[in-house]
*Asks:* 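Could you have a look at this structure, given as structure tokens, before my questions?
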Amino acid sequence: MTAPTITRTMVLWCPDWPVTAAIQAHRHSPDAAIALIDKGRVFACSASSRREGVARGLRVREAQSRHPDLIVEPYEAVLDTRAFEAVIDAIEEIMPGVQLLRPGMCALRTRGPSRYYGGEEPAAQALLDRLGTVEGLELGESRVGIADGPFTAEHAARSTAVLPGAGRILRVPPGESAAFLGPLGVGLLSSPALVTLLHRLGVRTLADFAALPVTDVLQRFGEDGARLHALASGHDSRAVLPRVPPQQLDSTIEFEPALDRVDQVTFGFRASADRFLEGLTAAGLVCTAIRIEVATEAGDTSERSWLHPRSFTASDVLDRVRWQLQGGGTIDSGLRSGITRVSVMPESVDAISNHEEGLWGTGPDERIHSGLSRVQSMLGHGGVLTATIGGGRTLADRQNLIAWGDRPQLDRPVEQPWPGQLPPLPPATVFSSPHPVCVVDASGAEVSVDERGALSGAPASFFRGSAVSSAGREVAGTRAAVTGAAVTGAAAVGTALGVAVRTEERDPGADGRGAQRDPGPVRSVKAADARPVGAVMAADAGPVRSVKAADAGPVRSVKAADARPVVAADAGPVVAPDGGPVRSVKAWAGPWPVNERWWDPEHSRRAYRFQIVDADGTAWLFVLDGGSWRAEARYD
Amino acid sequence: MGTSDTPGMSVRIANLEAMFDHRGVTSAAHSSISAPALDGLPAQDRVRTLQARIREMQSSTLDSRSIPTHPAIAQLLPGGALKQGAIYSVERSATLLMALLAGPSAAGSWCGIVGMPEFGVEAAARFGVDLDRLVLVPHPGDQWLNVTAAIADVMEVVVTRPPRRADDASISRLAARLRQRDATLIVLGTWPQSEAMLSLSESDWSGIGDGHGHLSARQVTVTVTSRVHARPRSARLWLPDREATFRQAEKRFEPRLAPADLAPPLREATG
């Protein structure tokens, strides 16, 4: 059996790395008491919060009760990796061949650095000195272990925190790994099942485990056990596999002095965009997603990623820069503050061979994409949308409109049951902003729903306008004036139910048409339920006085309370207070209560939905939300 | 005379032969082209009917390709289908619009909707419009004509709602571009020079009552007015029926209110 080659390894360990990364990302002070929460429990916490008794695995509430000033942030694994990239970059500036073990820990071969710096410990010191100069990250606590193989080196680095009198560097001399590891517990091995078993067998330390014969371990625990046995005996044969530093594909341009017009910036960026694409092409890549960062004079940066259904060209990149700068405005609009820096970095790339066009083009999709891109360059990125159907109860929740080229994001999964959604037939017209309407019952009072869900009266007619408009009140009181024309209109369109009609204050005869107005008290108009269309009755059971057509047409069929036929000829429309037509209700259904997210004061919503069919046969979806009626959609 | 591929063609050829057999063009035409239908009409109507007949024959012999259309509506349209490069206008009804879109979309065409922020996407999906091939430009603003033309360059069917009346020059430019690109334009609202105008009337909803039930199906009369047909053609259609499909109504639907005890109980939506 040949002895495995052992690589002398240096491991850098940054304790509490998730906390360090979060402090940098959220810009907290370095000694803030902070806890990162994953699945409702503390995942990592800072040293200052640990002093107050916060520990990993505590529930959030318990951690907060132990330390009332605790800053709680969600744990983001992506953040860890991203922040550690800066550390690796810094190390690579002085020592090559870094292997990332996990965010917060990396390994290097000591052979080169120790020769250059004249020893392993000076090399480790140089490493720590370099880390001290990394901007924005608090790396004063980072530690280095040097030993045979990454396993021993890692635990050497970790033990500097607990060994009394140890500095930030611990070097285990070659061949002494077994002696160093011996007193440590078997719990360090990364196999919980094996560790439990070893504990039961009375094997407590790594030295005990290493003392077992190799062949027995291999027979009893298999290859995996044998590997861990080798680790425990200090024979860590794993080599350090240095990462290949990623190619620099980003493209950045600085403007000095800062530019404050969108077209100036895009023109200035043109050459950089070309360079960006050349770099990608040279690397044999195409880019399907980019991230654009824009820094302004005022010190704020805006960044967003842009997707492309195929791959970016230089002019596409330029378009995205323009759209990001312009936001909602147009190309001529000025910027709030001058732009000092624009940088573009590829977010996802693909091999160029997968994106090569076929000999005869690649079909219709390419054509459609370029056509739509043209429209986007006219109207902005958000001007062209595609739609998907998501889950949810309201119509607005269910339709997700995404800008062409973006990835759909469904907040509400469509496969959930969503009890209380609308009946299966969806409305063909969904108003982008609901129209205020007023729904009145047969007596002219606005229909409302009490807290027990009971209706105040059956809907009889509705018109456009807000609930506070005077119509309902005018009917309830006795101020609504009725002209013959209006009554006729009511008869003509068959809307005789509870219609409130207001006339213009018109001087009889002044307009030369001989219009006569009711000089006496005002009648509200009311229909008897079972009467044929066209029957209009005076509410107060008085006779309808001098109801005449404005155009002096013959009066035909309005009935007053005493059942005398009245009414008139010309069919002017019935007019609601704000000038829209009053529509009578032919059929209706509801109220269907929606009581959503009552635990969340910001998004909670209690509303009642109604389907209403008007006399023309058009059906509407109405929502009564907080006492006001709105038309949300139309079935037309 | 070779074999003709359509029955209509053979009838027409037979008419021609009959004309020469009788050695009198007018009398032959009069006798063979549904003379009884013309007899009772006043002269003006008769001329109009004949002109329409001529146009119909001309248009059907033109090499105009049609795009797949829902059969319930196709029968009403001049030429029996939506034509490429033509303009149709639809009055008010978005459901009718979706019925027109469903056929081409199911056959793989891309559809673009310009200037309709209130287009009900969910209803479109339910009525058979493929959302993967649907693109919306809800707010084209002042550039709606340019946007419509740009979309028509790449898509087979374009729907637009003009915010205002366009001037005649741009209308004819757009029409020329549509013909060139073989795109079909459907306008919500009126449009000069449209091939046909589709409108809805007498809609009767079923399933909803007086405080109970819910909207489930609707019967409407769809009327198509076109330059080709002398008088409007109309048909009674389910738009939609209970399965959210479109089909011809067998008989006149009697609006009947759903009995209260049959109405499905709706639970309160909480969550």
Side-chain angles (χ1 to χ4, degrees), chain A residues 364 367-372 374-375 378-379 383-389 393 395 398-401 404 418-433 453 455 458-459 586-590 592-598 609 611-613 616-619 621 633-636, chain B residues 92-98 110 112 116-127 131-132 134-141 143 146-147 150-151 153-155 200-205 207-218 220 240 242 244 257 263-264 266-271:
Chain A
R367 211 167 55 87
I368 280 166
H369 178 69
S370 61
L372 293 179
R374 219 169 86 232
V375 179
M378 281 193 253
L379 300 176
V384 181
L385 305 172
T386 54
T388 49
I389 302 297
R393 297 191 181 84
L395 294 163
R398 289 178 66 82
Q399 56 185 39
N400 292 287
L401 298 174
W404 172 258
W418 297 109
Q421 35 176 314
L422 282 175
L425 184 68
T429 300
V430 180
F431 301 123
S432 38
S433 56
L455 270 181
K586 198 160 86 177
W588 61 280
W592 301 328
V594 178
N595 189 4
E596 268 194 316
R597 307 191 74 80
W598 46 264
R609 293 197 281 206
Q611 279 179 335
I612 285 181
V613 182
D616 296 344
T618 308
L621 178 72
R634 192 171 63 207
Y635 300 79
D636 53 357
Chain B
R92 279 188 344 213
S93 168
T95 312
L96 189 54
L97 190 70
M98 289 165 189
W110 282 74
M116 287 181 67
E118 73 282 2
F119 186 80
V121 175
E122 198 179 358
R126 188 140 168 80
F127 296 148
L131 293 189
D132 292 341
L134 182 78
V135 173
L136 301 118
V137 186
H139 303 286
Q143 309 198 53
N146 291 339
V147 170
I151 297 269
D153 277 354
V154 291
M155 302 207 167
L200 273 191
S201 56
E202 299 173 58
S203 75
D204 290 323
W205 283 97
I208 190 166
D210 205 9
H212 52 82
H214 60 80
L215 299 171
S216 61
R218 168 171 75 158
V220 290
R242 277 171 200 281
L257 300 182
L266 282 161
R267 283 191 303 158
E268 178 168 5
T270 50

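All chains are named by letter (A, B, ...) in the order of the sequence lines, taking the proteins before the strands, and each is independently numbered beginning at 1.
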*Asks:* Just by modelled atom types, is the A/Pro424 backbone N or O under 3.5 Å from a matching donor or acceptor in the B/Arg126 side chain?
*Replies:* yes
*Asks:* Answer yes or no: is there a side-chain heavy-atom contact under 4.5 Å between B/Phe119 and A/Thr429?
*Replies:* no
*Asks:* Is it the side chain or the backbone of A/Leu422 that comes within 4.5 Å of chain B heavy atoms, both, or neither?
*Replies:* neither
*Asks:* Test your reading of the model: is there a side-chain donor-acceptor pair from B/Thr95 to the backbone of A/Ala428, 3.5 Å cut-off?
*Replies:* no
*Asks:* Checking A/Ala619 against chain B: side chain, backbone, both or neither under 4.5 Å from a heavy atom?
*Replies:* both
*Asks:* For a 4.5 angstrom cut-off between non-hydrogen side-chain atoms, does B/Phe127 reach A/Leu425?
*Replies:* yes
*Asks:* Using non-hydrogen atoms only, which part of B/Leu134 is less than 4.5 Å away from chain A: side chain, backbone, both, or neither?
*Replies:* backbone
*Asks:* So which part of A/Ser370 gets closer than 4.5 Å to some heavy atom of chain B, the side chain, the backbone, both or neither?
*Replies:* neither
*Asks:* Sort B/Arg218 into side chain, backbone, both or neither according to what part of it lies under 4.5 angstrom from a heavy atom of chain A.
*Replies:* side chain
*Asks:* What are the two closest non-hydrogen atoms of A/Val375 and B/Ala150, and how far apart are they?
*Replies:* CG2-CB, 3.8 Å
*Asks:* Calculate, to the nearest 0.5 Å, the distance between atoms CD1 and NZ belonging to B/Ile208 and A/Lys586 respectively.
*Replies:* 11.0 Å
*Asks:* Between B/Ala124 and chain A, which part of the residue has a heavy atom less than 4.5 Å away: side chain, backbone, both or neither?
*Replies:* neither
*Asks:* Looking only at heavy atoms, what is the nearest atom pair of A/Ser432 and B/Glu118, with distance?
*Replies:* N-CB, 4.4 Å
*Asks:* Which pair of heavy atoms, one from A/Gly371 and one from B/Val154, lies closest together, and at what distance?
*Replies:* CA-CG1, 3.8 Å
*Asks:* Between A/Trp588 and chain B, with a heavy-atom cut-off of 4.5 Å, which part of the residue counts as in contact: side chain, backbone, both or neither?
*Replies:* both
*Asks:* Please check this pair: side chain of A/Arg367 against backbone of B/Asp153, looking for a donor-acceptor N/O pair closer than 3.5 Å.
*Replies:* yes
*Asks:* Which heavy atom of A/Ala589 sits nearest a heavy atom of B/Gly213, and at what distance?
*Replies:* CB-O, 3.1 Å
*Asks:* So A/Ile389 and B/Val121, do their side chains get closer than 4.5 Å, heavy atoms only?
*Replies:* yes
*Asks:* At a heavy-atom separation under 4.5 Å, does A/Leu401 approach chain B through its side chain, its backbone, both, or neither?
*Replies:* side chain
*Asks:* Could you check if a side-chain atom of B/Arg92 sits within less than 4.5 angstrom of a side-chain atom of A/Asp636, using non-hydrogen atoms only?
*Replies:* no
*Asks:* For the interface with chain A, which of B/Asp132, B/Leu136, B/Asn146, B/Ile151 has the highest count of heavy-atom pairs at distances below 4.5 Å?
*Replies:* B/Leu136
*Asks:* Where on B/Glu122 is there a heavy atom nearer than 4.5 Å to chain A: the side chain, the backbone, both, or neither?
*Replies:* both
*Asks:* Specify the closest pair of heavy atoms between A/Gln611 and B/Leu215, including all atoms of both residues, with the distance to one decimal.
*Replies:* OE1-N, 2.9 Å
*Asks:* Where on A/Ser433 is there a heavy atom nearer than 4.5 Å to chain B: the side chain, the backbone, both, or neither?
*Replies:* neither
*Asks:* Please name the residue in the list A/Leu372, A/Leu385, A/Val384 that meets the side chain to side chain contact (heavy atoms under 4.5 Å, CB included) test with B/Val137.
*Replies:* A/Val384
*Asks:* Name the region of A/Leu379, side chain, backbone, both or neither, that has any atom closer than 4.5 Å to a heavy atom of chain B.
*Replies:* side chain
*Asks:* If you count heavy-atom pairs under 4.5 Å with chain A, which of B/Gly211, B/Ala244, B/Ala123, B/Gly120 comes out on top?
*Replies:* B/Gly211
*Asks:* Looking at every non-hydrogen atom in both residues, tell me the closest pair between A/Gly617 and B/Ser203 and how far apart they are.
*Replies:* O-OG, 2.7 Å
*Asks:* Where on A/Gln399 is there a heavy atom nearer than 4.5 Å to chain B: the side chain, the backbone, both, or neither?
*Replies:* side chain
